[in-house]
Amino acid sequence: MSFVTWREGLTRVVQALAAGLDIHTDSPVERIERTDDGRYRLRVGASAAAGDADERTFDAVVVALPGDRAAALLDGLAPRAPGLLGQTPRANVATLVLAYPRHVVEALPAFAGTGILVPSSVDSLLKAATFLSTKWPHLDHPDLYFCRASAGRAGDERLAGLDDDALVARVRADLARFIGLQAAPRHVHVQRWPAALPQLTVGHLDRLSAARDDLPAGLTLAGSSYDGVGIAACLGSARRAATDVLTHLGPTHAQGGTRA
Ligand SMILES: Cc1cc2nc3c(=O)[nH]c(=O)nc-3n(C[C@H](O)[C@H](O)[C@H](O)COP(=O)(O)OP(=O)(O)OC[C@H]3O[C@@H](n4cnc5c(N)ncnc54)[C@H](O)[C@@H]3O)c2cc1C
């Protein structure tokens with residue numbers, strides 16, 4: 001089996017996508033209004049980086065936010081879309097990177113593989129573990145073996161009630177149970193991803209289609225809450241949104257005119 005990734009990490013993709021663009025982070029959009037001439041006025045909240053709150057007008061808007069956030073902003077712009085988009089729940093997850101003494105971990109048979117998945121039928125906070133040092137040769141280290149554990153899944157609210165120490169203890173207990181890994185890690189990094197994974201439940205496609213039909217021209221949706229969780233699905237969703245915007249703006253803009 002072979003896997004491919006970026007040696008410097010997935011952040012390479014983000015940097016490449018962002019290159020040359022005017023991007024404002026830490027600047028939440030608080031309101032979207034339609035102007036009399038069919039454009040969109042966005043109110044962007046005050047932030048440490050950008051200073052005071054700001055209002056700017058655009059020819060078109062791609063709303064690339066989680067469904068419930070989009071629903072809140074679209075209130076007043078489309079009668080049905082907010083109710084339809086606000087129905088997608090999101091799961092809390094956390095990832096833990098654990099660094100073990102290499103010689104201890106490599107003696108365990110499980111680490112010949114690249115990881116484990118734990119089915120939802122098993123009562124476990126651990127959802128998956130990736131044996132990073134086996135999976136990715138470029139992470140090779142003379143003394144340490146890296147393992148990434150994923151915890152939390154849809155409908156499991158236990159993560160929010162655990163501080164980092166308790167979370168690490170629970171995950172270590174699950175690793176001991178499933179693969180016999182008893183050793184104490186030398187280093188642990190905990191990364192929480194609250195409300196990160198949208199759950200596209202039965203009826204999602206019908207609700208999404210109805211929401212898209214309800215949106216005013218020049219306003220479109222993109223992202224994991226709409227066209228599927230995962231980077232490949234998000235890229236497809238972004239292409240669709242770009243096509244919508246270019247169609248709305250017409251041929252002059254498509255050839256490099258005003259940018260939305
Ligand atoms: C732990 C984890 C591991 C994953 N692993 C993989 C993997 O191996 N392979 C894979 O294909 N996918 C993976 N995914 C899924 C993939 O990362 C996501 O589906 C994808 O990044 C979602 O992108 P998005 O742009 O739709 O949403 P997000 O990345 O959530 O972006 C939404 C953005 O909207 C911003 N926002 C919210 N409200 C406002 C507002 N009012 N104004 C302005 N901005 C706002 C948020 O700050 C956020 O930056 C993983 C996800 C997680 C959480």
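Remember, it's 1-based here, ligands and their atoms both numbered in the order they're listed.
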Quiz item: Is it the case that His24 and Asp22 place a side-chain donor and acceptor less than 3.5 Å from each other?
Solution: yes
Exercise. Just say parallel, tilted or perpendicular for the rings of Phe111 and Phe131, cut-offs at 30° and 60°.
Key: tilted
Quiz prompt | Set of residues satisfying salt bridge (Lys or Arg N to Asp or Glu O under 4.0 Å) with respect to Asp164, sequence neighbours excluded | solution = Arg192
Self-check item: Listed partners of Asp244 passing salt bridge (Lys or Arg N to Asp or Glu O under 4.0 Å), at least two apart
Solution: none
Practice problem: Count the heavy atoms of every other residue, nucleotide or ligand shown that sit under 6.0 Å from CZ of Arg80, and state whether that count exceeds 12. | Solution: no
Are there any N/O pairs under 3.5 Å between ligand 1 and the protein, and if so, what are their distances?
{"residue": "ligand 1", "atom": "11 (O)", "partner": "Ile231", "partner atom": "N", "Å": "2.7"}
{"residue": "ligand 1", "atom": "19 (O)", "partner": "Gly230", "partner atom": "N", "Å": "3.3"}
{"residue": "ligand 1", "atom": "26 (O)", "partner": "Ser224", "partner atom": "N", "Å": "2.7"}
{"residue": "ligand 1", "atom": "26 (O)", "partner": "Ser224", "partner atom": "OG", "Å": "3.1"}
{"residue": "ligand 1", "atom": "38 (N)", "partner": "Arg69", "partner atom": "NH1", "Å": "3.2"}
{"residue": "ligand 1", "atom": "41 (N)", "partner": "Val29", "partner atom": "O", "Å": "3.0"}
{"residue": "ligand 1", "atom": "42 (N)", "partner": "Val29", "partner atom": "N", "Å": "2.8"}

Self-check item: Set of residues satisfying salt bridge (Lys or Arg N to Asp or Glu O under 4.0 Å) with respect to Arg90, sequence neighbours excluded
Solution: Asp68
